[in-house]
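Following: one structure in structure tokens, then a few remarks.
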Amino acid sequence: MPGLEDLYREIILDHYRAPRNRGELASPPAVRAEGFNPLCGDEVVLYLDVEDGVVKDIKTAGRGCSISQASTSMLSAAVIGKPLDEVRQLTSAFKSMMSIHESNLENETETSQDEPGTVSSDGVRMGDLEALQGVVKFPVRIKCATLAWNTLTQGLDEAAN
Amino acid sequence: MPGLEDLYREIILDHYRAPRNRGELASPPAVRAEGFNPLCGDEVVLYLDVEDGVVKDIKTAGRGCSISQASTSMLSAAVIGKPLDEVRQLTSAFKSMMSIHESNLENETETSQDEPGTVSSDGVRMGDLEALQGVVKFPVRIKCATLAWNTLTQGLDEAAN
Amino acid sequence: MSTLAPKSDFPLLSREVHGKSLTYLDSAASAQKPEQVLRAMDDAYRTYYANVHRGVYTIAEEATQAFEAARRSVARFIHAERTSEVVFTQGTTASMNLLSYSWGSANLRDGDVVVISQMEHHANVVPWQMACERTGAELAWIPITSDGHLDLSGLESLLQRAKVISVTAVSNVLGTINDLAPLVTAAHDRNIPIFVDAAQSAPHQAIDVQALGADAIAFSAHKLLGPTGIGVLWARQSLLEAIPPFLGGGEMISDVRFDGFDAAPVPHKFGAGTPPIVEAVGLRAAIDYLSALGMDAVADHEHRLAAYAMDRLQSELGERIKIFGPSNPSERCGVISFELEAVHPHDVSQVLDEHGVCVRAGHHCAKPLMRILDVPATARASFYVYNEESDIDRLVAALDAAHRFFV
Amino acid sequence: MSTLAPKSDFPLLSREVHGKSLTYLDSAASAQKPEQVLRAMDDAYRTYYANVHRGVYTIAEEATQAFEAARRSVARFIHAERTSEVVFTQGTTASMNLLSYSWGSANLRDGDVVVISQMEHHANVVPWQMACERTGAELAWIPITSDGHLDLSGLESLLQRAKVISVTAVSNVLGTINDLAPLVTAAHDRNIPIFVDAAQSAPHQAIDVQALGADAIAFSAHKLLGPTGIGVLWARQSLLEAIPPFLGGGEMISDVRFDGFDAAPVPHKFGAGTPPIVEAVGLRAAIDYLSALGMDAVADHEHRLAAYAMDRLQSELGERIKIFGPSNPSERCGVISFELEAVHPHDVSQVLDEHGVCVRAGHHCAKPLMRILDVPATARASFYVYNEESDIDRLVAALDAAHRFFV
Ligand SMILES: Cc1ncc(COP(=O)(O)O)c(C=O)c1O
Ligand SMILES: Cc1ncc(COP(=O)(O)O)c(C=O)c1O
């Protein structure tokens with residue numbers, strides 16, 4: 001049985017207690033993306049200022065559990081100033097760490113049978129984000145961790161249009 | 001556990017094999033009443049010739065199991081030539097022998113907890129009809145036995161109008 | 001200072017979680033089952049299982065008798081006038097849908113109003129929203145007071161074009177025991193029916209549908225020590241007779257022709273298909289179990305635990321906790337929703353689980369109420385016959401630990 | 001000359017009736033349950049029971065995993081492309097009603113035609129009669145041949161204004177295994193869907209919904225060694241997404257506001273209310289049990305018993321018995337309906353009960369077919385994995401005795 005310390009690493013609690021990049025950006029020009037987990041009510045709002053293929057600035061809002069809010073904060077710290085291709089790599093590395101199968105005969109929230117992902121297979125450096133790895137041992141909470149990242153993808157797609 | 005001989009008394013089988021008063025009466029003037037057991041498909045048709053408060057003639061048709069058809073045959077033999085008040089007494093004596101509760105908190109087909117009825121409490125002479133007493137030990141079949149009598153009541157009500 | 005029912009009757013309660021003994025405080029979501037219920041069901045499958053109705057052979061007859069005996073048991077439990085007023089469904093949700101489809105299609109028209117309250121479970125909201133979409137009727141919402149009671153001050157105007165009132169007897173979030181009498185009177189003064197969601201009241205207090213005066217009530221077996229897969233709709237015979245059938249199929253017909261069908265008499269008219277046979281046996285065993293405890297004793301026990309819990313939570317956690325719903329414990333069932341300062345309900349529930357304490361976190365299928373309370377979710381502890389004061393002590397200790405962990 | 005599954009796995013089969021050992025020949029009405037299924041359910045209630053979805057604590061998570069694992073099990077059993085195409089309902093009847101209400105309301109209009117067959121169970125007749133009443137559509141009936149097969153010679157004209165075909169895979173009266181391929185082709189040539197009542201096929205032969213090509217199928221757990229209270233609707237993802245929700249309530253929403261609701265994604269959109277949780281666990285155990293036997297072996301076993309039964313019944317009872325349905329046993333499942341000369345089916349069943357032999361007597365929820373066969377009722381013997389030749393020998397002997405008794 002995984003223990004609480006696997007889920008609530010110190011760095012996660014730190015991001016939860018002192019979230020980075022909280023605030024708003026005028027939208028437009030920034031893109032505003034909103035993510036919502038209907039099952040638990042978690043809410044994530046991202047303001048993205050994308051210029052010349054780089055995430056120039058990001059602000060976050062929303063409310064929810066420690067995992068969703070810490071994940072949002074960590075995401076903001078991880079992507080700020082990064083070129084879009086790196087951000088996309090990081091996103092897919094993060095999702096693969098969360099081992100979410102989109103395979104048909106598996107349930108959406110199902111975790112893989114293999115060992116939970118360590119550092120991404122593509123060799124992307126995850127940094128602090130690795131602290132969220134423990135979440136995969138708590139399948140119900142995976143959606144909390146991925147909500148911000150799904151919202152980011154949504155926002156970047158919108159920014160691309 | 002009651003045995004088959006309780007249900008299928010010799011006299012019942014006799015009425016089943018050689019039903020009395022089979023046939024039709026022109027209607028009108030005779031009243032035609034039809035009864036139907038939706039659960040098992042038993043069907044009883046009675047032609048009643050009621051004159052001056054007396055069942056002058058009765059003919060029967062329909063098809064179904066031995067109990068429903070024997071009961072129809074026995075009914076026809078029991079009521080032919082009888083004044084209506086005697087017929088009504090017999091009907092209620094028969095139904096009480098079948099111990100059907102119409103009480104609200106009991107199920108329609110429920111049998112009583114007391115001993116199954118013997119000769120009717122009103123002292124009505126049941127004659128051959130008593131042979132049908134064994135049916136109460138087979139709750140599923142009670143509706144087969146009472147179908148003809150319910151149809152009779154229906155027919156007599158109609159004749160009274 | 002003890003449980004009402006022996007804890008040892010409930011096999012699951014002897015389980016451990018994370019090396020801790022289990023403190024099950026989620027009975028409002030679903031109750032644990034006593035041995036007596038599990039054995040009754042197992043025994044049915046092992047000794048007299050067959051499909052019901054129509055079978056002539058011994059086992060089929062025994063199964064039918066057991067199934068119909070369960071219907072009588074339910075009728076007695078809720079003091080129904082007739083057994084035939086008891087319809088078995090899949091649960092409260094299915095019962096409310098039966099009403100919203102069947103009663104709704106026969107009675108709701110464009111511009112009519114369906115009156116519900118702001119504290120309804122989705123099971124008593126969404127079916128009516130759907131019925132409104134189908135018929136052009138509209139919803140009107142009875143508001144709630146800051147103390148978590150129905151606010152009936154504006155009832156007159158809400159009822160202007162009302163065709164039905166459908167309300168919960170007990171809130172599954174606030175624990176509020178609603179006083180339904182004025183609503184019953186108001187409905188009947190206007191010759192409209194009143195339906196009651198009894199999902200949270202049937203398990204916890206005696207119900208007398210005749211004294212209550214409502215026209216229909218719905219509840220689920222699984223919250224009442226019984227199995228999943230079965231629930232009850234009780235409605236007045238005259239109402240059941242007046243409305244059209246809902247689900248079509250076997251058992252609910254008296255004849256099927258190429259050009260149409262005739263419905264069977266009530267209650268079979270609403271019993272399409274093979275019913276939850278063994279579940280009915282389980283429900284009966286649950287009712288027997290509760291009746292032996294006595295429903296008044298059950299209600300008292302829960303009031304006692306609710307009072308103890310509110311007292312302990314407030315005295316131990318003080319400003320750090322906010323409890324929703326009536327401040328007077330005697331106005332509520334054993335359901336307590338709360339917010340722990342700076343800790344999200346999900347995290348509360350997660351940390352409590354580590355202590356073996358099971359509480360629910362979320363919107364409790366009452367999103368409209370969450371909007372009114374202005375929270376995305378709450379944590380909820382709920383008590384039943386197998387709980388006692390020491391369970392609440394463990395809850396309080398675990399909450400204290402959770403708060404320290406996060407703040 | 002033996003059962004396919006050990007008889008000792010089925011506790012009920014060791015029971016005696018009237019001092020005789022039991023010969024259970026009514027599996028088409030409902031199957032008996034193996035130990036493995038009963039233990040899986042009992043174990044769920046005893047060790048990991050809680051309401052599913054939304055719960056954060058360990059037991060709720062375990063219950064949710066078990067429930068969703070059952071969905072995957074069903075998906076694999078019928079070779080569904082996606083797990084999300086599997087919807088749990090109360091049974092075949094509820095599944096057909098979901099289609100007739102939800103698909104029907106979105107697709108049927110005045111003058112449209114719904115094509116069914118004369119051998120349908122009421123579960124695939126009455127819901128469509130009701131949908132026709134609501135929408136103004138009409139029923140058209142595929143006739144049957146004298147040998148008990150679908151008569152497709154007039155299909156073209158039946159399909160003129162057709163909006164859907166809904167047929168049974170196997171007749172619960174005649175035992176006929178229908179060749180659905182030409183119907184699937186005809187439906188898809190016209191761009192209309194075809195729904196299949198698989199209540200009598202899913203328990204008895206392998207199903208591959210992708211190979212079958214149908215758009216939806218329905219079946220019940222209780223005929224498939226599983227518990228009462230649960231059934232399955234499988235439908236293509238695109239169909240489930242296109243049609244509106246059926247029952248409203250908790251779990252089937254993604255949001256509920258005062259002015260309306262948003263439905264959850266498939267399959268939860270069709271999962272209103274607390275589902276039959278432990279029943280799903282039981283269904284999974286039943287599927288595991290059948291899969292271990294092998295569905296092809298199950299089908300072979302039944303063909304063998306059907307052939308043996310038809311041979312023995314005809315050779316021992318000769319002119320005294322009339323068997324309905326296909327004369328070639330390889331065209332039928334293990335279901336044999338018959339008429340015993342001069343003995344009403346009810347009396348047949350009653351006398352057989354005295355010999356410990358359980359057969360069903362009645363219209364088998366197929367009144368339109370009874371009208372075509374021109375009988376008020378039939379007696380029906382049906383076989384499953386726990387039956388063997390000696391059961392049929394006892395049936396034949398008891399029928400002989402019944403005939404002597406009455407004639
Ligand atoms: C062919 C067929 N369809 C539908 C049904 C109805 O199944 P259920 O009663 O489980 O809903 C049955 C079973 O009686 C059946 O044999
Ligand atoms: C007040 C109330 N109504 C309705 C329901 C729905 O019950 P079920 O999910 O058993 O259909 C619940 C239970 O969650 C409830 O608490």
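Below, read A as the first sequence line, B as the second, and so on, with proteins coming before strands; counting in each chain starts at 1. Since the structure is predicted, the reported quantities are computational estimates derived from the model, not experimental observations.
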(request) Pick one of side chain, backbone, both or neither for C:A31, based on which atoms fall under 4.5 Å of a heavy atom in chain D. (result) backbone

(request) Measure D:R257 against the heavy atoms of chain C and call it side chain, backbone, both or neither at under 4.5 Å. (result) both

(message) Quick one, D:Y57 with C:Q350, criterion side chain to side chain contact (heavy atoms under 4.5 Å, CB included). Give me CA distance, side-chain angles, the key distance, then yes/no.
(response) CA-CA 6 Å; D:Y57 56 87; C:Q350 190 90 58; over 6 Å; no

(request) Would you please name every residue forming a ring pair (Phe, Tyr, Trp, His ring centres under 6.0 Å) with D:H122, sequence neighbours left out? (result) D:H363

(request) Name the region of C:V359, side chain, backbone, both or neither, that has any atom closer than 4.5 Å to a heavy atom of chain D. (result) backbone

(message) Please classify the contact between D:P345 and chain C as side chain, backbone, both or neither, with a heavy-atom cut-off of under 4.5 Å.
(response) neither

(message) One pair to check against ring-ring contact (aromatic ring centres under 6.0 Å, His included): C:F246 and D:Y101. What are the steps and the verdict?
(response) CA-CA 10 Å; C:F246 175 40; D:Y101 271 95; 5.5 Å; yes

(message) Less than 4.0 angstrom from a charged side-chain N to a carboxylate O is my criterion; do D:K367 and C:D262 meet it?
(response) no

(message) Is D:T89 close to chain C through its backbone or its side chain, or both, or neither, when contacts mean heavy atoms under 4.5 Å?
(response) backbone

(request) Answer yes or no: is there an ion pair linking C:D42 with D:K33, defined by an N-O contact shorter than 4.0 Å? (result) no

(message) Ignoring hydrogens, what is the shortest heavy-atom contact between D:V56 and C:H346? Give both atom names and the distance.
(response) CG2-CD2, 3.8 Å

(request) List the steps and the verdict of side chain to side chain contact (heavy atoms under 4.5 Å, CB included) for D:V126 and C:I253. (result) CA-CA 9 Å; D:V126 182; C:I253 55 94; 3.9 Å; yes

(request) Could you tell me which portion of D:N124 (side chain, backbone, both or neither) has an atom closer than 4.5 angstrom to a non-hydrogen atom of chain C? (result) neither

(request) Please state whether the side chain, the backbone, both or neither of D:V125 comes within less than 4.5 Å of a heavy atom of chain C. (result) side chain

(request) Measure distances from D:M96 to the heavy atoms of chain C and classify the residue's part below 4.5 Å as side chain, backbone, both or neither. (result) neither

(message) Please determine whether side chain to side chain contact (heavy atoms under 4.5 Å, CB included) holds for the pair D:V17 and C:I59, giving the CA-CA distance in whole Å, both sets of side-chain angles, and the decisive distance to 0.1 Å.
(response) CA-CA 8 Å; D:V17 164; C:I59 299 180; 4.1 Å; yes

(request) Check each atom of D:I116 against the heavy atoms of chain C and say whether the ones under 4.5 Å are side chain, backbone, both or neither. (result) neither

